[in-house]
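Structure first, then comments.
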Amino acid sequence: MTTHYLVLSALLFAIGAIGVLTRRNAIVVFMCVELMLNACNLAFVTFARQHGNLDGQLIAFFVMVVAAAEVVIGLAIIVMIFRTRRSASVDDASLLKY
Amino acid sequence: MESPAEIIPHSGGVIGVSWLMIALPLIGAAVLLLGGRRTDRWGHLLGVAMSLASFVVAVASFMELLGLDPEQRRRAYELYQFIPGVADMGILIDPLSISFALLITGVGSLIHIYSIGYMSHDPDRRRFFAYLNLFVAAMLLLVLSDNYVGLFIGWEGVGLASYLLIGFWQFKPSAAVAAKKAFIVNRVGDFGLLIAIFTVWTTFGSVAFGEVFGKAGEASQNTLTAIGLLLLLGACGKSAQLPLQSWLLDAMEGPTPVSALIHAATMVTAGVYLVVRSGAFFEAAPTAQLVVTIVGVATLLAGAIIGCAKDDIKKGLAGSTMSQIGYMMLGAGLGPVGYTFAIAHLITHGFFKANMFLGAGSVMHGMNDEVDMRKYGGLFPVMRITAITFIIGYLAIIGFPLLSGYFTKDGIIETAIEHNAILGWLAVVGAGITGFYMSRMVFMTFFGKRRWADDAHPHESPAVMTVPLIILSIGSIFLGGFLVLDNRFMQFLAPAVGRPEELPVFHFVSPAGLATLALVAVGAVFAWFRYGAAEVPRVAPRGSFLTTFARRDLYGDALNEALFMRPGQWLTRIAVFFDNRGIDGLVNGLAAAIGGTSGRLRRVQTGYVRSYALSILFGAAVVVGALLYVGNM
């Protein structure tokens, strides 16, 4: 009964993960991260429904709050990087290495 | 046999201040060494004065000792507590120690005086006298101490002085090496002496002569044999006996007065003193006593053979010293009669060998320090006093009738034949070889054709050098007869070393004596034909196998090198290899392994967010997989 939701959640998560790993544009990577978070939210809500309690829904709210905060900081960083380097590619920002 | 007299506590009189004998030269050495160049002008005079003052104290103590009953003549007194409960610093004045003290200070003073002349051109004369004084003090401590610990301190002190004086001209590499060699070889002997003292302490609970000798009978035979052999090892090191003989010939690198005082008359005889002083142990351990005599005979033959092939006059005399100390060792292994002759021979040898060494020094002094006898020849007319005194010493050492060596050496040989015919007759053969090599030395130096270097202008030495020679040669003539006839010396020494049941009678005509004289005569005549009548080549001929054998010191150095030095070098090389490759390899290898691994691991930090994300994803997948796996179990 809830299988479809979970499959959808897994698909969305997989699409998000592949996006994070393969795309270079920081905005797109960021959107894919959001996609993964929301796939998780969907799974939480589905399980809450399945078990008949509110724990999953509660967690989903927490995730949304954290995601909102993350968007604020993340976008700010991306804008700063773009301003200084004239590029939004995550591969260009690879100075911190061995 | 009558055992030695008891040691009696003493106070007062000259004997009560006999510690001044040690203190005076020690003060002299301290003033000269600490005073530095300021004392240069009068340093040698102070040295001589301190040595003479010590001699005066020795003579006064001797007189006081003679005034006592023979049974009362072993006096000891404590100076101060040295190691509480173990050893006190104490002085023992008895016939044995006072004989040595007289020899050391008497001959020592003469050699001090001689050195004023001999070292007159040396800029470091003050340092030389400081060391000589240090030596006299240490040697007196060695013989006057009333316990083994004090003896050992003196023993090491003379070793130090010997090292400093052999290496006195330390700018010559050969002298520096010789000094080091003497020191290292002596360490082997000192090791034996130390273990012997430890054994004495653990066995008897004391190191004082007065206590331990009385208890000698209480210890087991094996312990006594061990103590005896270890003491003998110590004696071998100091007295250059086989197998620790190799240092003495090289020690001739030192100035000649040093060779005369330390490496002929006194220090090298310390081993004989040790064996005679510890007679109570040796008499209770016949095996050790036998080994002493065997070592003595082996060394007296070895030294004589070496003496035959040396062209260096000092090395020839050094071989002869080894040989003569061999005779003393032989005597020291033969009980009270042997002790007497050994010490008597030691004293007469101190005179005639110092006489000859100083004579050799006088010759060198006139010949621009040339030591090669092949460059001498025909020196008799130009340095008559040196030549005549040297020849007196020569006649004394080969045992010319009625001279010193005749009485004392003959005594040892006769006693040895009574104990052990083989050893005794070997000693007779040794006397014959002595006749040969000493005659060779005299003929090559004073007679025959002049083979001098072109710039040599030999001349007689100044009186400050010849007067000691004359005094010593007078001793070389009369001392032996005075000591041996009527058993004077035996009666005198008896309280210290014990009295035999029947006193020996000196036979002027005896089979062994005649055989000795005959062999000596044969040796001397043979030497005359080879080196007196025939022309001596200026460059040493190759010689036979035997000559090479003797010239190379019987391959003693080669043997030491093969047996000890090379294996030692291998050992150090193995240790170095193990340290470099093993221990360093382990430490460095570990560091390199960690460094290399982290160098590769570092590459993971690419700086690409994507690769980090992938590793996070991979990690998360592993965690989830593990959870599933655990959950299903």
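Values below: every heavy atom of this structure, side chains too, minus hydrogens, waters and symmetry copies.
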- line: Tightest non-hydrogen contact, residues B:Ala175 and B:Glu253, listed as CA-CB, 3.8 Å

- prompt: Does any donor atom in the side chain of B:Asp124 or B:Trp169 lie under 3.5 Å from an acceptor atom in the other side chain?
  reply: no

task: Check ring-ring contact (aromatic ring centres under 6.0 Å, His included) between B:Tyr148 and all other residues, then give those that pass, not counting sequence neighbours.
output: B:Phe209

Does [atom1] in [X] sit with more than 12 non-hydrogen atoms of other residues, nucleotides or ligands closer than 6.0 Å?
{"X": "A:Phe30", "atom1": "CZ", "answer": "yes"}
{"X": "B:Phe171", "atom1": "CZ", "answer": "yes"}
{"X": "B:Ile83", "atom1": "CD1", "answer": "yes"}

- request: Could you give me the CA-CA distance, side-chain angles and deciding distance for B:Arg127 and B:Asp122, then say whether salt bridge (charged side-chain N to carboxylate O under 4.0 Å, His left out) is met?
  value: CA-CA 10 Å; B:Arg127 189 163 59 91; B:Asp122 199 295; over 6 Å; no

Report every donor-acceptor pair between chain B and chain A with a separation under 3.5 Å, backbone and side chains included.
residue: B:Gln605; atom: O; partner: A:Tyr98; partner atom: N; Å: 3.2
residue: B:Arg610; atom: NE; partner: A:Asp91; partner atom: OD1; Å: 2.9
residue: B:Arg610; atom: NE; partner: A:Asp91; partner atom: OD2; Å: 3.4
residue: B:Arg610; atom: NH2; partner: A:Asp91; partner atom: OD1; Å: 3.3
residue: B:Arg610; atom: NH2; partner: A:Asp91; partner atom: OD2; Å: 2.5

statement: Turns out that what part of B:Leu617 lies under 4.5 Å from chain A's heavy atoms comes down to side chain

Region of A:Leu96 that comes under 4.5 Å of a non-hydrogen atom in chain B: backbone

